[in-house]
Protein chains: 2
Amino acid sequence: MDSSTTIRALAALAQEHRLAAFRLLVQAGEAGLSAGAIAEAVGAPASSMSFHLAQLSHAGLIRQKRQSRSLIYSADYTTMGDLMAYLTENCCSGQGCVPALGCEPQNTDERNAA
Amino acid sequence: MDSSTTIRALAALAQEHRLAAFRLLVQAGEAGLSAGAIAEAVGAPASSMSFHLAQLSHAGLIRQKRQSRSLIYSADYTTMGDLMAYLTENCCSGQGCVPALGCEPQNTDERNAA
DNA sequence: TCCATATTTCCATAATTATCGAATCATCGA
DNA sequence: TCGATGATTCGATAATTATGGAAATATGGA
């Protein structure tokens, strides 16, 4: 992940409605949520939310699929993973930025799932 | 870390000159770098860089100390760590976002250094 | 085909953020 | 105290980003 891609991802998350939407989609998991559901949950008008979803999408953080009349959005963890890797690599060098989780003796294989 | 603090940190990093500056400071380590040195390395005029350093500072990502005529900036890893923790917690839920490092069998105690 | 629903695109406007020269402030050495 | 150096603040302007209603697009059902 290069720095301009990183900046796009960071900027995508650096906004109230977008961060809320992304968190929601992470919670929702594979099933995802429709644009309308997200807009309602976040409390933003449809057209505004659409704008924000486009930003997240453009950053590669979420995916879109049509399901009948609804557009279902879901989190795309690969970009998020790349972002985490970039930050760990470039912004935490040798210091204690990596949170102390995910380091259990035998974590079978939940990582690398997406 | 609450979401508005998170957003401030994300926004602080979501800018070319600031991300470059922060990476530089992470590399520089404890010793840090002067405002002038950062501005030159990043290729931004002093007053612009000063603006950006203020943003990073306000987000809690860097610290400032005066050393004679120079202001020396250095990375503050605690906020970065909090940010990583927030993202891991809220944006990677159960999925494979945590990079596969920091999980060596016996990593003595380099974490929690700062 | 026609209507209702779900969502986006368009557009104008508002708000925020970035840029950078000039002026100002702080510190040091002579 | 004066001049030089390092850095910030000020202020005006440019650029980007956010907002949200209205119009347009896509889909499905009757």
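Each chain gets a letter, A, B and so on, in the order its sequence line appears, and its residues count up from 1. Computed from a predicted structure; not experimentally measured.
Distance, A/Arg18 CZ to D/dT16 C1': 12 Å, rounded to whole Å. Between the CD atom of A/Gln55 and the P atom of C/dT9 there is a distance of 12 Å, rounded to whole Å. Taking atom CD on B/Glu16 and atom P on D/dT16, their separation rounds to 12 Å, with Å as the unit. When the C1' atom of C/dT17 is taken as reference, atom CG of B/Leu56 falls 14 Å away, rounded to whole Å. When the P atom of C/dT16 is taken as reference, atom CZ of B/Arg8 falls 15 Å away, rounded to whole Å. Distance CG (A/Leu13) to P (D/dA18): 12 Å, rounded to an integer number of Å.
With A/Ser74 contributing its side chain and A/Gly32 its backbone, the two residues share no donor-acceptor pair below 3.5 Å. At distances below 3.5 Å, at least one donor-acceptor pair connects side-chain atoms of A/Thr88 with backbone N or O atoms of A/Met84. A donor-acceptor distance shorter than 3.5 angstrom exists from the side chain of B/Arg66 to the backbone of B/Arg69, with no hydrogens or angles considered.
Between B/Gln67 and C/dA26 there is no side-chain polar atom (N or O) within less than 4.0 angstrom of OP1 or OP2. For the OP1/OP2 pair of C/dT19 and a distance below 4.0 Å, the side-chain nitrogens and oxygens of B/His52 include at least one atom meeting the criterion. Close to C/dT16, at under 4.0 Å from its OP1 or OP2, lies no side-chain N or O of A/Gln15.
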Restricting both atoms to N or O, compile the protein contacts to nucleotides 3-9 of chain D shorter than 3.5 Å, with distance only.
{"residue": "D/dG6", "atom": "O3'", "partner": "B/Ser70", "partner atom": "OG", "Å": "3.4"}
{"residue": "D/dA7", "atom": "OP1", "partner": "B/Ala35", "partner atom": "N", "Å": "3.2"}
{"residue": "D/dA7", "atom": "OP2", "partner": "B/Gly36", "partner atom": "N", "Å": "2.8"}
{"residue": "D/dT8", "atom": "OP1", "partner": "B/Tyr73", "partner atom": "OH", "Å": "2.3"}
{"residue": "D/dT8", "atom": "OP2", "partner": "B/Ser50", "partner atom": "OG", "Å": "3.1"}
{"residue": "D/dT8", "atom": "O5'", "partner": "B/Ser50", "partner atom": "OG", "Å": "3.1"}

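Counted by atom type alone, A/Thr5 and A/Asp2 present one or more donor-acceptor pairs between their side chains at under 3.5 Å.
Within the 4.5 Å cutoff, side-chain heavy atoms of A/Leu71 are placed close to those of A/Tyr73.
Smallest separation of non-hydrogen atoms from B/Met80 and B/Leu13: SD-CD1, 4.1 Å.
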